[in-house]
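All values below come from the heavy atoms of this structure, side chains included, with hydrogens, waters and symmetry mates left out. We count residues from 1, following the sequence as given. Nothing here was measured: the structure is a model prediction, and the numbers come from that model.
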Amino acid sequence: MDATTSQQLGSDLIERAHTLGFASAGIASVEPSDYAQGLEQWLSMGMHGTMAWMENYTDLRTDPGKLIDHAQSILVVGDVYASRDDNQDPPIEIGQGKIARYARGKDYHKLMKKRLMKLADGLRAHYPDASFKVFVDTAPVPERELAQRAGIGWVGKHTLIIHPTLGSYMFIGGIVMTLDAAAPSEQPTITDHCGSCTACIDACPTDAITDHQVDARRCISYLTIEHREPIDEQLQSQIGDWIYGCDICQEVCPHNSPKANKQIGQATNAAYLSERASFDLLEVIGWDEDARRAAFVGSAMKRAKLEMMQRNAKIV
């Protein structure tokens, strides 16, 4: 396939993604990660905490082209789950524990995967000799690096993708494929615009963030969602009102500041919006397993076990 045809295919794939409602899309190359050594060092320092699964499949985490045989390109998409126009939450009532914005609506894994599978099925019908592999968060691929290659945004100092106009409240997914798609000429080349800003580093209550690196062992999101053991007493007082996850590093980011642009609000996928921004702490402490399951129906929060949620509620 010549370069022009590859770019035309890339444009077609991006258009298909936009048609399915994704806020951003682009084509990434399949070469190995530029940060393999950084991942190795991060793991060797134990910064992944108890997430032992991060030590598995490091070959895929550093070489996304290995996800399928003969991979030639990757379609990467971004789904916006919160608007810059509503970046700051009002103070919550006493006795309530805050939920991170990403988990307030429907489970993004299912929502994104359903649309990506629909896109992949359409491509399989059109290109029967090609192979496709959908990923949304759970596959061991360097999603944020791929998103930067695809022109969706840059990796901020808080290690999250920042879109130039939409901000960082964004989920990343995509399709690894054997199709020879190339980035169209109009796909932007994204550079880091964090500059000298250290707002996210300075605002983190537990000092989990350093320049482009997060120590999960100190991160409130990790502690409340992934960490299944008792939380260090020295960190408990820094958790504040967060019962599930944390948005502080994103709330203070200048690139999430409200902006007078109607398209910003429209880019937010309505399925992720919810009036449930918090839980009643005493109710959570009194939950049984059935109550936990009922509260988490259709939510990404079901990853947190009953004893974890009750531990978090007691700390808050």
Side-chain angles (χ1 to χ4, degrees), residues 46-54 79 81-82 86 88-113 136-138 158-160 168-169 171 203-209 214-251 269 271-316:
M47 289 193 178
H48 56 310
T50 58
M51 296 184 292
W53 45 268
M54 287 291 297
D79 225 11
Y81 62 83
D86 187 30
Q88 294 294 332
D89 278 336
I92 64 171
E93 296 180 6
I94 294 175
Q96 297 287 312
K98 290 170 64 174
I99 303 167
R101 287 170 178 77
Y102 88 88
R104 294 177 184 178
K106 295 181 180 178
D107 188 342
Y108 67 97
H109 301 91
K110 294 180 179 179
L111 286 173
M112 292 187 72
K113 196 165 189 176
V136 179
D137 192 35
T138 54
H158 50 26
T159 74
L160 302 172
S168 66
Y169 294 118
F171 298 127
C204 179
T206 59
D207 297 322
I209 307 172
V214 172
D215 186 343
R217 297 168 299 185
R218 304 186 64 84
C219 175
I220 294 173
S221 285
Y222 163 79
L223 292 171
T224 57
I225 299 172
E226 298 289 345
H227 189 67
R228 302 193 177 191
E229 301 169 3
I231 295 175
D232 190 312
E233 290 184 5
Q234 293 182 346
L235 297 173
Q236 290 185 18
S237 62
Q238 306 304 315
I239 287 178
D241 295 328
W242 297 101
I243 190 173
Y244 187 97
C246 178
D247 284 328
I248 292 174
C249 64
Q250 300 194 80
E251 289 176 343
N269 188 322
Y272 301 129
L273 301 179
S274 172
E275 295 181 358
R276 183 186 60 190
S278 63
F279 281 121
D280 183 281
L281 299 172
L282 291 180
E283 286 186 9
V284 173
I285 291 172
W287 277 356
D288 57 16
E289 180 57 27
D290 289 340
R292 184 198 75 92
R293 290 174 185 245
F296 290 170
V297 170
S299 167
M301 288 190 283
K302 55 184 173 289
R303 183 170 184 82
K305 304 302 181 183
L306 175 62
E307 59 274 15
M308 295 168 62
M309 290 299 295
Q310 293 177 328
R311 174 203 63 189
N312 298 345
K314 291 174 183 177
I315 290 173
V316 174

Applying side chain to side chain donor-acceptor pair (under 3.5 Å), name anything that partners Asp215, two or more places apart in sequence or on another chain.
-> Arg217
Run the numbers on Phe171 and Tyr272 for side chain to side chain contact (heavy atoms under 4.5 Å, CB included), then give the verdict.
-> CA-CA 11 Å; Phe171 298 127; Tyr272 301 129; 3.7 Å; yes
List in chain and number order the residues that pass side chain to side chain donor-acceptor pair (under 3.5 Å) with Asp232, two or more places apart in sequence or in another chain; answer none if no residue qualifies.
-> none
State whether the side chain of Tyr222 and the backbone N or O of Thr50 hold a donor-acceptor pair below 3.5 Å, judged by distance alone.
-> yes
Between the CD atom in Gln96 and the OG atom in Ser278, the distance rounded to the nearest 0.5 Å is 4.0 Å
Crowded around Lys106 NZ? As in, over 12 foreign heavy atoms under 6.0 Å?
-> no
Write down the atom of Ile248, the atom of Ala203, and the distance for their closest heavy-atom approach.
-> CG2-O, 3.6 Å
Non-hydrogen side-chain atoms of Met47 and Met54 separated by less than 4.5 Å | no
Any pair with a residue in residues 235-245 that passes side chain to side chain donor-acceptor pair (under 3.5 Å), sequence neighbours left out, goes on the list, sorted by first then second residue, please.
-> Tyr102-Tyr244
When every non-hydrogen atom of Ser221 is compared with those of Cys246, the smallest separation belongs to OG-N, 3.1 Å
Could you tell me whether the side chain of Thr206 and the main chain of Arg218 form a donor-acceptor pair under 3.5 Å?
-> yes
Sidechain-backbone polar pair: Asp79 side chain, Tyr108 backbone, donor-acceptor under 3.5 Å = no
Whether over 12 other heavy atoms sit under 6.0 Å from Lys302 NZ = yes
Sorted by chain and number, sequence neighbours left out, side chain to side chain donor-acceptor pair (under 3.5 Å) with Arg292 holds for Glu289
Partners passing salt bridge (charged side-chain N to carboxylate O under 4.0 Å, His left out) against Arg303 (at least two apart in sequence or in another chain) | Glu226
Which heavy-atom pair separates Cys219 from Val214 by the least distance, and what is that distance?
-> CB-CG1, 4.1 Å
Ala103 to Ser299 - nearest heavy-atom pair and separation = O-OG, 3.8 Å
Check: Ala295 main-chain N/O paired with Arg276 side-chain donor or acceptor under 3.5 Å | yes
Side-chain donor-acceptor contacts of residues 306-316 below 3.5 Å, not counting sequence neighbours, with atom names and distances?
from, atom 1, to, atom 2, distance (Å)
Gln310, NE2, Val284, O, 3.4
Gln310, NE2, Ile285, O, 3.1
Gln310, NE2, Trp287, O, 2.9
Arg311, NH1, His227, O, 2.6
Arg311, NH1, Glu229, O, 2.7
Arg311, NH2, Leu223, O, 2.8
Arg311, NH2, His227, O, 3.1
Asn312, ND2, Thr224, O, 2.9
Asn312, ND2, Ile243, O, 3.0
Asn312, ND2, Met308, O, 3.3

